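Bear in mind that the values here come from a model prediction, so they are computed numbers and not experimental data. Ligands are counted one by one from 1 in listed order, and the atoms in each one are counted from 1 as well.
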Amino acid sequence: MRYLVLSDLHANLEATEAVLAAAADLRADRTLVLGDLVGYGPDPVAVLVRVLSLPRATVIRGNHDRVAAGLTSDDEFNPHAQTAIRWTARQLTPDTLRVLSALPMGPMIIDADVQICHGSPRNEDTYVFTAKDAEFAGQAATRRVCLFGHTHVAGAFGRSADAAQLVAPRGTAPLTVTLAGTAAWMINPGSVGQPRDGDWRAAFALLDTTANTCDLHRVEYDAAETRRKMRAAELPPILISRIGPDSR
Ligand code: ZN
């Protein structure tokens, strides 16, 4: 089975379209979306509609989806994320609010080999940054490959009997991770809409459970257009500065 894996799209339509165009050649059987379709970016409704119209897609919610839908408060967000999530909530139509509210929470079992979650299989709000984090989170995983997002940092942690190791930090994309020979994996495809790992390009992954590989991809997109829309929407400048080749 070949899975296209997307996470943290964050209402970035240009990045989402670039990823879907690049993925069209990859012959994925199914698409897995690990949450945070909205928040930060200028196109929450368009991204939501686009993703939910994908054939054979399984989508779980992220913390931004949950807060934008009004299911929990935005108390835990920093002021910039708060401004953006309140703007996002105002853009939602009754229909998109309904589908956003109904997105299931992870973790979710996909098949005999794969499960997905937003932050960690323990909690959708937990950040898995380090090998130690991945080891602790992985102890709660119930499948050989656990796909997660939330940090916006692409990488693969291989888990042996007693420790996890970062096998695939950022590199020249596509970077192929060979899954055979390692007991279990925690893999983050990176963020489509707002990467925070030093590479501004939209990130995604292609997991092939038959070939036993996971490719970490990056693709350029029209970030100038995304920034233009964010300025027009008067989203916080600091969020605009996180988008594009000169992002920080
Ligand atoms: Zn996110």
Inset, instruction - Using only heavy-atom distances, determine whether the side chains of N123 and S120 contain a donor-acceptor pair under 3.5 Å. - result: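 N123 vs S120: no donor-acceptor pair found between side chains.
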Inset, instruction - Ignoring hydrogens and angles, state whether a donor on the side chain of T176 or D215 is under 3.5 Å from an acceptor on the partner side chain. - result: yes
So which of the N, O or S atoms of [X] lies nearest the Zn ion (ligand 1)?
X: D8; value: OD1
X: H10; value: NE2
X: D36; value: OD2

Inset, instruction - Report, as yes or no, whether the 6.0 Å neighbourhood of atom CD on E76 holds more than 12 heavy atoms from other residues, nucleotides or ligands. - result: no
Inset, instruction - Assess H150: does it contribute an N, O or S atom lying under 2.8 Å from the Zn ion (ligand 1)? - result: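 Under 2.8 Å: H150 has no N, O or S contact with the Zn ion (ligand 1).
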Inset, instruction - State whether F136 and R122 meet the cation-pi test: NZ (Lys) or CZ (Arg) under 6.0 Å from the six-membered ring centroid, and within 45° of the perpendicular axis. - result: yes
